[in-house]
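Just so you know, ligand 1 is whichever comes first in the structure, and atom 1 is the first atom listed for that ligand. All values below were derived from every heavy atom in this structure, side-chain atoms included, with hydrogens, water molecules and symmetry-related copies excluded.
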Amino acid sequence: MGEIKAEPFAFPVKHDQLALIVIDMQRDFAEPGGFGASLGNDVSRISRIVPDVKRLIQGFRYAGLPVIHTMECHRPDLSDLPPAKRNRGNPVLRIGDEGPMGRILVAGEPGTAILPELAPVDGEVVIEKPGKGAFYATGLGEVLQHKGIKQLVFAGVTTEVCVQTTMREANDRGYECLLAEEATESYFPEFKAAAIAMIRAQGAIVGWTAHVDDILESIAHA
Ligand code: C5J
């Protein structure tokens, strides 16, 4: 068993039980005309982390370790979209509405796709999720169990919404979780900083945080 340099203390890594989970790196959150922009956010913050997310994905692929992608999206008939989600906020376009990149956050639409630079390759699992947490109403738990995964490295967006929710879900299910700091982002820098602080507070109450370089250095020896 090795260690990854991390906060609040070294992450005891077991490479044969480790996977990368990339949360919602979709055009709808990163490009003008998508859901994130329709809520009034500065989406350029999201596209800036693409090179670090890409480095991490490539490192896992090179080491032969699993890469799992998630996509926040809904069925075309919106039967999995509760009013409590559709009606929140004051967006220019709501989930399911027709936008410049197709229907907002609907499965199969161009805007719902993962950014081309980070696109999954053959054999990588893509989890379509209707909620913020990637375990809710998906097969993620079964996929991880089948692959023998017990430790998860997290990347993606947004840090305090879908990333943190999924980390908490994973932690409650017994997974050890490590967040890659440069490979996650929020529309609100102060929320990213707060999420990182609360995840690793109280002796890693939800999980660890680490720099991309330190994660890559560890898996290079996997
Ligand atoms: C939302 C996310 N809705 N991926 N999603 O903020 O964080």
key: Candidate pair Thr70 and Thr166, rule side chain to side chain contact (heavy atoms under 4.5 Å, CB included), full reasoning   = CA-CA 10 Å; Thr70 72; Thr166 305; over 6 Å; no
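- Residue Val161 has at least one heavy-atom neighbour below 4.0 Å for each of these atoms of ligand 1: 1 (C), 6 (O), 7 (O).
- The heavy atom nearest to atom 3 (N) of ligand 1, considering only Gln164, Glu72, Arg88, Lys85, is found in Glu72.
- Considering backbone and side-chain N/O of Lys132, none are found under 3.5 Å from N/O of ligand 1.
- No side-chain donor from either of His74 and Ser79 sits under 3.5 Å from a side-chain acceptor of the other.
- Counting heavy atoms of neighbouring residues, nucleotides and ligands inside a 6.0 Å radius, atom CD of Glu190 exceeds 12 of them.
- Using modelled atom types, one finds no donor on one side chain facing an acceptor on the other under 3.5 Å when comparing Gln151 with Gln17.
- The Asp24 neighbourhood of ligand 1 comprises atoms 2 (C), 4 (N), with distances under 4.0 Å to a heavy atom of that residue.
- Of the charged side-chain nitrogens involved, none lies within less than 4.0 Å of a carboxylate oxygen, so that Lys192 and Glu181 do not count as a salt-bridged pair.
- Shown in contact with Val157 at under 4.0 Å from a heavy atom are these atoms of ligand 1, numbered in order with element: 2 (C), 4 (N), 7 (O).
- Under 4.0 angstrom from ligand 1, there are no non-hydrogen atoms of Ile23.
- Side-chain atoms of Lys147 do not come within 3.5 Å of backbone N or O of Ile149 as any donor-acceptor pair.
- Among all non-hydrogen protein atoms, the one lying nearest atom 2 (C) of ligand 1 is Cys162 SG, 2.7 Å.
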